[in-house]
**Student:** 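I have a structure I would like to understand better, so I am pasting it below and will then ask my questions one at a time.
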Amino acid sequence: MTARRPTIGVFDSGFGGLTVLKALLELVPAADYAYFGDTARLPYGSKSVETVARYTVEAAHYLESHGAQMLVIACNTATALALDRICGAAHVPVVGVVEPGADAANSATRNRKVVVIGTEATVSSHAYRKALEQRGLNARERACPLLVPLVEEGWVDHPVTEQVARIYLAEAFSDGFHDADTMVLGCTHYPLLKPLLRRVAPAHVCIVDSAESTAGTVAAQFSQLLPAPAASEERRSAPRLKFFATDSTEKFKRLGQRFLGHPIDDVQHVDLKE
């Protein structure tokens with residue numbers, strides 16, 4: 001009797017969560033993956049907590065119906081605004097992106113001063129600040145709203161993007177935070193900017209990628225999903241990947257490969273009712 005590999009469901013409002021999936025594929029290659037991008041209803045940042053919770057729970061149930069035995073909410077806004085609601089509604093373990101990022105920052109910092117950059121919605125929720133302060137850290141959050149459209153434009157190494165990032169980080173590391181030694185990337189688009197941010201951030205700063213941290217947390221919990229060792233494992237080298245999107249599948253394929261790092265061949269269109 002061959003044991004099926006466990007399936008991990010990954011949810012995001014759009015494409016950024018593919019950086020989390022990319023990290024998961026490296027750290028947890030023994031799983032299969034179903035990725036749901038709610039591209040028709042993004043951005044989530046401008047929506048109410050109630051709406052974000054409803055959309056995310058719908059997507060979570062959809063992923064469960066496709067066999068997900070664990071859910072990764074690879075969306076900072078959904079994690080920040082609705083993680084409790086999602087955990088309450090789901091029937092499988094749920095991992096968000098905020099707590100793993102805060103844990104990683106706590107491990108990285110020496111002087112207990114941390115800067116978080118993210119979208120307006122994530123920063124307004126203060127989810128990272130609360131999580132970091134619970135760990136005894138001194139945190140400053142800075143919204144960087146221009147970075148997501150620049151990444152989606154493909155300008156990850158463009159002089160304009162570098163100039164914008166310099167301005168944001170100069171503000172983030174001012175007024176008593178010039179010596180902060182850790183910066184959390186509180187948006188799943190930002191890993192694509194890591195080389196640029198490394199150049200722009202103060203040299204002493206450790207950059208924490210919450211996509212990588214989240215994958216690490218999932219890897220630690222994943223062993224509990226594995227089938228009993230008595231059953232023979234499915235012999236496959238590569239995970240099966242399924243992609244679902246609520247808007248243009250062509251756009252998802254085109255933009256998605258930038259985030260995932262390789263082509264996306266097949267995307268199923270899903271129509272979740274309002």
Side-chain angles (χ1 to χ4, degrees), residues 10-13 16-17 19-20 23-24 27 43-45 47-49 52-53 56-57 60 70-90 93-145 147-148 168-169 171-173 175-177 179-191 193-194 197 201 205-221:
V10 181
F11 167 78
D12 185 32
S13 58
T19 61
V20 179
L24 284 164
L27 282 181
Y44 276 19
K47 296 177 171 57
S48 70
V49 172
V52 169
T56 311
V57 166
M70 185 177 198
L71 292 172
V72 179
I73 308 305
C75 174
N76 281 275
T77 303
T79 300
L81 299 184
L83 188 65
D84 289 349
R85 291 277 295 277
I86 301 159
C87 290
V94 179
V95 175
V97 282
V98 173
E99 292 290 324
D103 280 338
N106 190 32
S107 299
T109 183
R110 294 288 164 263
N111 68 0
R112 322 298 286 162
K113 289 170 93 166
V114 178
V115 163
V116 181
I117 58 172
T119 63
E120 204 76 70
T122 299
V123 167
S124 299
S125 75
H126 301 306
Y128 275 99
R129 194 180 76 198
K130 288 173 198 155
L132 291 163
E133 286 175 353
Q134 280 167 4
R135 291 160 175 79
L137 307 182
N138 193 358
R140 165 177 291 169
E141 299 165 306
R142 180 66 175 91
C144 305
L147 293 183
V148 165
Y168 284 145
L169 295 197
E171 292 171 5
F173 285 91
D175 305 331
F177 269 81
D179 61 340
D181 67 355
T182 302
M183 178 170 74
V184 178
L185 306 185
C187 171
T188 51
H189 280 64
Y190 297 176
L193 296 171
K194 240 193 301 194
L197 293 170
V205 169
C206 170
I207 295 177
V208 168
D209 176 348
S210 56
E212 284 178 1
S213 313
T214 302
T217 299
V218 172
Q221 295 185 19

**Student:** Please test Thr217 against Thr214 for side-chain hydrogen bond (donor to acceptor under 3.5 Å, both in side chains), starting from the C-alpha separation and ending with a verdict.
**Tutor:** CA-CA 5 Å; Thr217 299; Thr214 302; over 6 Å; no
**Student:** So which heavy atom on Gly17 is nearest to which on Val10, and how close?
**Tutor:**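 Taking Gly17 first and Val10 second, the nearest heavy atoms are O-CG1, 4.2 Å.
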**Student:** Any chance you could measure Lys130, atom NZ, to Glu141, atom CD, to the nearest 0.5 Å?
**Tutor:**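 Going from NZ on Lys130 over to CD on Glu141, the span is 9.0 Å.
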**Student:** Using salt bridge (charged side-chain N to carboxylate O under 4.0 Å, His left out) as the criterion, list what pairs up with Asp103, not counting sequence neighbours.
**Tutor:** Arg135
**Student:** Side-chain contact test, heavy atoms from C-beta onward, threshold under 4.5 Å: evaluate it for Gln221 versus Val95 and give yes or no.
**Tutor:**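 When only atoms from C-beta onward are counted, Val95 and Gln221 do touch, with a gap below 4.5 Å.
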**Student:** Side chains of Val114 and Asn138: closer than 4.5 Å at any heavy-atom pair?
**Tutor:** no
**Student:** State, yes or no, whether a side-chain contact exists between Thr119 and Asn76 at a heavy-atom distance under 4.5 Å.
**Tutor:** no
**Student:** As a quick check of understanding, evaluate side chain to side chain contact (heavy atoms under 4.5 Å, CB included) for Arg112 and Asn106, giving each step before the final call.
**Tutor:** CA-CA 7 Å; Arg112 322 298 286 162; Asn106 190 32; 3.1 Å; yes
**Student:** Of the non-hydrogen atoms in Leu185 and Ser210, which two are nearest, and what is the gap between them?
**Tutor:**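 Nearest pair, atom of Leu185 first, then Ser210: O-OG, 2.8 Å.
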**Student:** Please name the residue in the list Thr182, Leu132, Leu137, Asp179 that meets the side chain to side chain contact (heavy atoms under 4.5 Å, CB included) test with Lys113.
**Tutor:** Asp179
**Student:** Less than 4.5 Å apart, side chain to side chain, heavy atoms only: is that true for Cys144 and Arg142?
**Tutor:** yes
**Student:** Just how far is it from atom CG of Leu169 to atom CG of Leu197, taken to the nearest 0.5 Å?
**Tutor:** 6.0 Å
**Student:** Please evaluate residues Arg140 and Asp175 with respect to the criterion side chain to side chain contact (heavy atoms under 4.5 Å, CB included), reporting the C-alpha separation (whole Å), side-chain torsions for both, the decisive distance (0.1 Å), and the verdict.
**Tutor:** CA-CA 10 Å; Arg140 165 177 291 169; Asp175 305 331; 3.7 Å; yes
**Student:** Among Leu147, Val148, Leu193, find the residue that satisfies the side chain to side chain contact (heavy atoms under 4.5 Å, CB included) test when tested with Cys187.
**Tutor:**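 Exactly one pass, corresponding to Val148.
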**Student:** What is the distance from atom OG1 of Thr56 to atom CZ of Phe11, rounded to the nearest 0.5 Å?
**Tutor:** 4.0 Å
**Student:** How many angstroms lie between CG in Leu83 and CD1 in Ile73, if you round to the nearest 0.5 Å?
**Tutor:** 7.0 Å
**Student:** Would a 4.5 Å heavy-atom cut-off, applied to side chains only, mark Ser213 and Val208 as touching?
**Tutor:**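 They are in contact (side-chain heavy atoms under 4.5 Å apart), so the answer is yes.
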**Student:** Determine yes or no for a side-chain-to-main-chain donor-acceptor pair under 3.5 angstrom, with Thr122 supplying the side chain and Gly118 the backbone.
**Tutor:** no
**Student:** Step by step, would you call Leu27 with Val218 a side chain to side chain contact (heavy atoms under 4.5 Å, CB included)?
**Tutor:** CA-CA 9 Å; Leu27 282 181; Val218 172; over 6 Å; no
**Student:** For the residue pair Ala121 and Gly45, what are the closest heavy atoms and their distance?
**Tutor:** CB-CA, 3.2 Å
**Student:** Specify the closest pair of heavy atoms between Ala211 and Ala23, including all atoms of both residues, with the distance to one decimal.
**Tutor:**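 Taking every non-hydrogen atom into account, O-CB, 3.9 Å.
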**Student:** Minimum heavy-atom separation for Val98 and Ala131, please, with both atom names.
**Tutor:** CG1-CB, 4.1 Å
**Student:** Once you round to the nearest 0.5 Å, how far does CD1 of Ile207 lie from CD of Glu212?
**Tutor:** 10.5 Å
**Student:** Does the Thr19 side chain pair with the main chain of Thr188, one donor and one acceptor, at a distance under 3.5 Å?
**Tutor:**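 Answer holds: yes.
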**Student:** Nearest 0.5 Å, please: how far is CG in Asp181 from CG in Asn111?
**Tutor:**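 The CG atom of Asp181 is 4.0 Å from CG of Asn111, to the nearest 0.5 Å.
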**Student:** Who passes side-chain contact (heavy atoms from CB on, under 4.5 Å) against Val115, sequence neighbours left out?
**Tutor:** Ile117, Ala172, Phe173, Phe177, Ala180, Met183
**Student:** Would Asp209 and Tyr190 count as a side-chain hydrogen bond (donor to acceptor under 3.5 Å, both in side chains) here? Give the steps.
**Tutor:** CA-CA 8 Å; Asp209 176 348; Tyr190 297 176; over 6 Å; no
**Student:** Which pair of non-hydrogen atoms, one from Val57 and one from Ala89, has the smallest distance, and what is that distance?
**Tutor:** CG1-CB, 3.7 Å
